[in-house]
Amino acid sequence: MRRWFVVGLLSLIFAIGIVDRVILSMMIGPIKSDLQLSDSAFGLAQGAAVALFYLIFAVPFGWASDRFDHRWILFGGVTIWSLATAACALVRNFVDLFVARCLVGAGEAVIGPAGYPMIAGLVSRQQLALAMMLFYLGGNAGNALGQFIGGALLAVLSRNPSIDVWMLGDLAPWRLVFLLIGLPGIALAALIFIAPRSRAPRAGNDGPSQASKGEFAAFFRAHRRFYITHNVGVGLQQAALVATMLWNAAFMSRTYGWSPSEIGMTFGAILLASTSVAIVGHSWICARLFAAGQRDAYLRWQMCMSCLSVPALAFAYLWPTAAAACIGFALASLLNGGTVVAGPTILQIATPPRFRGRVSGIYVVVATLLGTAIGPAAVGLVTDHVLGDEGRIGIAIAICSITFCLGATACFATGLSATRRIVAEAGH
């Protein structure tokens with residue numbers, strides 16, 4: 001039972017991290033107005049800023065995860081991103097906001113490199129898909145809670161133009177939202193020490209924990225086709241998902257005149273329902289197919305889902321009704337939402353335990369570069385510099401998200417044979 005309690009705790013930590021990451025998207029209007037930001041600048045702050053330090057720290061966290069106690073690594077990361085989220089309340093310009101969001105990314109980079117191997121070490125291979133599903137249900141709840149809490153808090157606090165906060169003076173409502181969301185994470189960080197001591201296996205249990213750089217490089221090079229196509233494909237699939245999620249508030253506000261509270265409640269509910277079903281359903285289907293002997297089940301399933309997402313995305317952002325936007329986004333989230341579980345699950349299955357931290361770190365780097373950095377930033381850049389009209393943001397979202405899904409489909413198709421090979425070598 002203790003093992004599953006720790007999985008639940010990691011899921012809760014993941015949820016808080018996602019809330020801290022997405023909360024910015026619910027406050028586009030007041031933040032842009034107060035800090036005088038363009039769509040391109042805001043896209044960089046909510047996407048590229050987080051991704052920059054996420055990318056810098058993911059591989060070092062993976063290296064540390066293969067050597068040291070996962071609990072201390074997670075504690076440091078959670079503390080950093082919580083303090084950085086609270087610090088967003090004090091920013092005065094784009095540079096301040098960008099730096100604070102960079103630090104959010106630095107802390108959140110710990111989730112994959114330390115979290116995935118920790119879970120894989122807690123449960124058996126037969127239970128891994130279930131454990132990863134529970135872990136990602138936390139992330140999914142975080143996405144929905146970020147929409148709910150952001151919209152609701154902003155609506156309540158905006159009844160007053162400014163709020164007097166002890167030692168900080170008068171703060172705009174959106175600034176107080178960052179404080180209320182960020183500070184509780186510091187207390188959560190300390191709970192990780194309830195978990196048993198966790199680190200990569202030592203010699204005699206699937207090899208030495210501190211495998212040499214040459215050994216790791218040789219293994220990665222031998223299976224580079226699997227890792228490249230898998231990581232890039234998942235990254236592109238996440239780029240489509242993240243871009244739509246983070247720009248929905250601006251799209252619904254500009255196109256249909258929806259308020260932040262309406263957007264938060266509606267899309268929070270849609271996201272929670274559709275991606276919860278996706279995480280559970282996709283995990284169950286992939287696990288059944290894999291158990292039946294289909295070694296490429298995870299990549300093949302992701303390939304099909306990314307392809308089927310294309311018409312749903314076109315319907316959501318090109319059909320001119322609010323109902324179409326809601327239905328299309330729900331379908332796209334239902335189809336693409338399973339990638340967050342399928343991607344890291346097959347990595348843990350195919351990779352020897354002594355390499356999991358570094359492999360997870362590389363995966364996080366690629367998925368973050370494409371999903372968190374390029375995905376949202378691309379929408380802002382297309383809106384400002386290709387279409388030249390903020391009112392046409394729906395077209396920009398459609399162009400970018402559909403392109404990402406088609407690219408993901410091609411990557412997964414290319415990596416099927418390499419997936420079968422590495423899984424067979426892993427003894428499955």
Side-chain angles (χ1 to χ4, degrees), residues 14 17-22 24-25 43-59 61-62 81 101-102 104-113 115-116 135-136 139-140 142-143 146 227-248 271 275 278-279 282 299 302-303 305-306 309 313 329 332-333 335-347 359-382 396-397 399-412:
F14 193 15
I18 296 298
V19 169
D20 289 353
R21 186 188 306 179
V22 306
L24 190 73
S25 68
L44 291 172
Q46 75 171 340
V50 174
L52 177 63
F53 271 41
Y54 206 108
L55 295 172
I56 292 171
F57 280 85
V59 173
F61 275 139
W81 90 55
R101 295 289 290 175
C102 281
V104 171
E108 291 188 357
V110 77
I111 294 175
Y116 300 157
F135 179 64
Y136 269 96
N140 180 56
N143 275 321
Y227 286 113
I228 291 172
T229 56
H230 170 274
N231 292 354
V232 174
V234 172
L236 290 172
Q237 207 170 14
Q238 290 189 12
L241 191 63
V242 173
T244 54
M245 183 180 69
L246 294 185
W247 283 104
N248 266 338
L271 197 63
T275 52
I279 288 170
H282 292 281
L299 247 67
Q302 289 170 272
M303 177 186 70
M305 294 303 101
S306 58
S309 297
L313 290 165
F329 176 72
S333 298
L335 293 167
N336 265 339
T339 187
V340 295
V341 179
T345 299
I346 188 59
L347 277 186
V359 163
S360 296
I362 293 170
Y363 164 75
V364 166
V365 166
V366 177
T368 301
L369 177 63
L370 294 172
T372 306
I374 294 177
V379 175
L381 291 171
V382 170
I397 295 173
I399 291 171
C400 294
S401 59
I402 289 173
T403 301
F404 294 145
C405 282
L406 292 174
T409 302
C411 284
F412 293 139

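Atom-to-atom distance recorded for L369:CG and Y54:OH is 12.5 Å, nearest 0.5 angstrom. Taking CD1 of I402 as the start and CD1 of I399 as the end, the distance is 8.5 Å to the nearest 0.5 Å.
The ring pair (Phe, Tyr, Trp, His ring centres under 6.0 Å) check on F14 picks up F135, Y136, with sequence neighbours excluded. Considering only residues two or more places apart in sequence or on other chains, V234 meets the side-chain contact (heavy atoms from CB on, under 4.5 Å) condition with H230, Q238, Q302, T339, Y363, F412. Remark: A377 engages L44 in a side-chain contact (heavy atoms from CB on, under 4.5 Å) (not counting sequence neighbours).
Between C411 and G233, the closest heavy-atom pair is CB-CA, 3.7 Å. Considering every non-hydrogen atom in both P113 and A58, the closest pair reads CG-O, 3.4 Å. Here the closest heavy-atom approach between residue P376 and residue A243 is recorded as N-CB, 4.2 Å. Of all heavy-atom pairs between F404 and A378, the closest is CZ-CB, 4.1 Å. Scanning both residues, I362 and N231, for their nearest heavy atoms gives CG2-ND2, 4.0 Å. A240 approaches N336 most closely through the heavy-atom pair CB-ND2, 4.3 Å.
In this structure the side chain of E108 reaches within 4.5 angstrom of the side chain of D20, judged on heavy atoms. Side-chain contact between L347 and Y227: present, with at least one pair of heavy atoms (C-beta onward) separated by less than 4.5 Å. Side-chain contact between V382 and C400 is present, with at least one heavy-atom pair separated by less than 4.5 Å. Taking the side chain as every heavy atom from C-beta outward, C405 and L236 never approach each other to under 4.5 Å.
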Test side-chain contact (heavy atoms from CB on, under 4.5 Å) on L271 and F329 and set out the steps. CA-CA 8 Å; L271 197 63; F329 176 72; 3.7 Å; yes

Chi angles and distances behind the side-chain contact (heavy atoms from CB on, under 4.5 Å) call for V242, W247: CA-CA 8 Å; V242 173; W247 283 104; over 6 Å; no

Please walk me through it: do V110 and W81 pass side-chain contact (heavy atoms from CB on, under 4.5 Å)? CA-CA 10 Å; V110 77; W81 90 55; 4.2 Å; yes

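Checked by atom type and distance alone, the side chain of S306 pairs as donor or acceptor with a backbone atom of M303 at under 3.5 Å.
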